[in-house]
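In what follows, chains carry the letters A, B, and so on, assigned in the order in which the sequence lines appear, proteins first and then strands, with residues in each chain numbered from 1.
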Amino acid sequence: MKTLVIMNQAPYGDWSGREALDMAFSLAAFDQPVALLFTGDGVNWLRREQEAAAISQKAVDRNLAAATIFGVTALYADQQSCHRFGLDQHTMIAGITLADTNAGLLGEYDHVISLS
Amino acid sequence: MKTLVIMNQAPYGDWSGREALDMAFSLAAFDQPVALLFTGDGVNWLRREQEAAAISQKAVDRNLAAATIFGVTALYADQQSCHRFGLDQHTMIAGITLADTNAGLLGEYDHVISLS
Amino acid sequence: MSNKISHSTLSFTLVITGAPYSSQAPQTALFFARAAVAAGHRIDRVFLYGDGVHLASALASPPSDEPNWSRQWCEFLNQNAVPGVACIASALRRGIVDEREQKRYELGANNIAAPFSIAGLGEWVEGVARSDRVIYFHGGS
Amino acid sequence: MSNKISHSTLSFTLVITGAPYSSQAPQTALFFARAAVAAGHRIDRVFLYGDGVHLASALASPPSDEPNWSRQWCEFLNQNAVPGVACIASALRRGIVDEREQKRYELGANNIAAPFSIAGLGEWVEGVARSDRVIYFHGGS
Amino acid sequence: MASIRTLHILNKRPGHPAFKSCLSSLENQDALLLTENGVLALVDKGLTLEGCVYALSPDLKARAIPGDASVAQAIDYDEMVALTARAQRVISW
Amino acid sequence: MASIRTLHILNKRPGHPAFKSCLSSLENQDALLLTENGVLALVDKGLTLEGCVYALSPDLKARAIPGDASVAQAIDYDEMVALTARAQRVISW
């Protein structure tokens, strides 16, 4: 029962991305295999040095950097989306696996979640 | 003080289009000049013979057909959007003025509302 | 969640993430749930998440000529003995509280509609692990 | 709404259509409102519409390390004597009710946070007709 | 009745980012079910839908979308349930 | 200080349908203010922003978006208020 949570929402402007992350961390906490895929506007969750306190929110980049410690099996980022938003190893947090989303990554999971 | 309410939401799937219409009708009820512009996915509000009862909602096509009676000064539809969704005089309710949105229609209004 | 493919009885967990009177999600989910029960399937639970928790409000009062989706859902849950659970983190942020949370946060009222209850994401994880199908009903704007 | 262009005092009506803990709209609107008052402008009213009415909930209970946007807004309205109005049609559908609507609909509780009140779209029309500026804060997903 | 690998349920309007994500992840043996705002795809000339496509009939009726049986098969909630049972997995976009 | 005919406040992510509507309605003498998710436009290689563009600084910081002063001027809420006062009209997309 492998789950993939798709993160295709822009960060902070709405809550659904944050709530999708909570789902992933919750599965991991209950020892269910789960991976994250950042794609589209969602790759912007991966930017280093977010200062969400500027809008009185909590930054998630440190949580994401620690995701595998909490049991998330992998963090994938869609290569094309990263390129579109100018994200590379210097601007992205560590531990991200670049993926070609169209090459069947989704097919490897039994359960795929996309919160719009 | 002329107001233009932009209807760019698809019908029935969310409430914001309905609530934008309520705003327009409310201005008209208080004798404030207001017009409606349907554009993008929003032109689909103009389709004839909607049977919203099928999803337990109220259809709005009859309200829209009577909008000018209630004091709405005009109902515009973006020509390009109508073409995209295959809307013409046979499939659209009566009383719609086709407009080229890029030709400065917005500029004629003091107050423009777009509920996403 | 098993990959069982079958025309026999399956078990479902339904997850609703869109709010009534804001999205169509609770409506589509209700029609789906009725059809699932009619086909002999079992619904293990309905889990409300994100904006979906507003479906558990006891105070929603739409005009009398519009359906009250919260009430219709409560009737469905009662008639079919299906547990309805609102995610506690989503619910508290959005002002959906039961008697226990009312006391804990010293609030002036509670507003959850029976038989909905409030619980953690573990309820959803249980569905993912054990139901044959987990179906999501999102907002669709 | 006048087209007055000026660096002197202007009057504003603010309209919030996005919900807290779902959109950023109430936050951006609050920072804007504080800056407007600091610049000497007047805020005629804050009007909550659509999902924005959830900002008027007295029951929202976010975790203690997160801001309570409803409470912060109520404090701002009180300190600056700005009327806060939730659209009645939006509010009733979404389960935001005051004491009067509680009685009328025979509900078990009310949940509106003072100083917010419930009124019709006429309040907003008044803003369109009389405030120098009407600024909208929508959900942004 | 052919088996379905993945049933994609799509309730977004054609302009929504998830709409594109959904279409680009369709594979052979998959089926697409258009619901709610998603049914507008059937009248959007900017789109071409291929493969096994279903559309929820009440949503078509509500929006007065003419169902073109050569593009999509109109189904009711009972058939939607049957599709979710038939498919090996279901993704709601 | 040049006068502003219309101030467009854009809080949608680049993929949102309203984003395109906003950009296509920009005219000379208009100004664009990017807020919330809208600031992602500054790092989206699929977009070209022209004319008078502002971006809300707290939203840039929250998202770690590098502000390129040649494309957009970063402003705070005080300056946002001043822009709404200066403009003849304001459209929130």
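- Contacts between residues 14-22 of chain D and chain F, counted as heavy-atom pairs separated by less than 4.5 Å, involve no residue at all.
- Residue with the most contacts toward chain F among D:F137, D:Y136, D:F12: D:Y136 (heavy-atom pairs, distance under 4.5 Å).
- In D:R104, the CZ atom is crowded: over 12 heavy atoms of neighbouring residues, nucleotides or ligands sit closer than 6.0 Å.
- D:F32 CZ to F:T35 OG1: the interatomic distance, rounded to the nearest 0.5 Å, is 11.0 Å.
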Check: Should D:Q24 and F:D59 be marked as a side-chain hydrogen bond (donor to acceptor under 3.5 Å, both in side chains) after you check the CA-CA gap, both sets of side-chain angles, and the distance that decides it?
Finding: CA-CA 10 Å; D:Q24 215 186 315; F:D59 284 316; 2.8 Å; yes
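- Within the 4.5 angstrom heavy-atom criterion, no atom of D:A38 approaches chain F.
- Annotation for F:N37 and D:G140: closest pair ND2-O, 2.9 Å, computed over non-hydrogen atoms.
- Atom CD of D:E99 sits in a sparse spot, with 12 or fewer heavy atoms from other residues, nucleotides or ligands closer than 6.0 Å.
- Checked against the 6.0 Å centroid threshold, D:F31 and F:Y77 count as a close aromatic pair.
- For D:R133 (side chain) and F:A85 (main-chain N/O), a donor-acceptor pair under 3.5 Å exists by modelled atom type.
- A donor-acceptor pair is defined here as one N or O able to donate and one able to accept, closer than 3.5 Å; such a pair exists between the side chain of F:N11 and the backbone of D:H138.
- When all heavy atoms of F:V81 and D:A36 are compared, the closest pair comes out as CG2-N, 3.6 Å.
- Taking CE of F:M80 as the reference point, atom CD1 of D:I135 lies at 7.5 Å (rounded to 0.5 Å).
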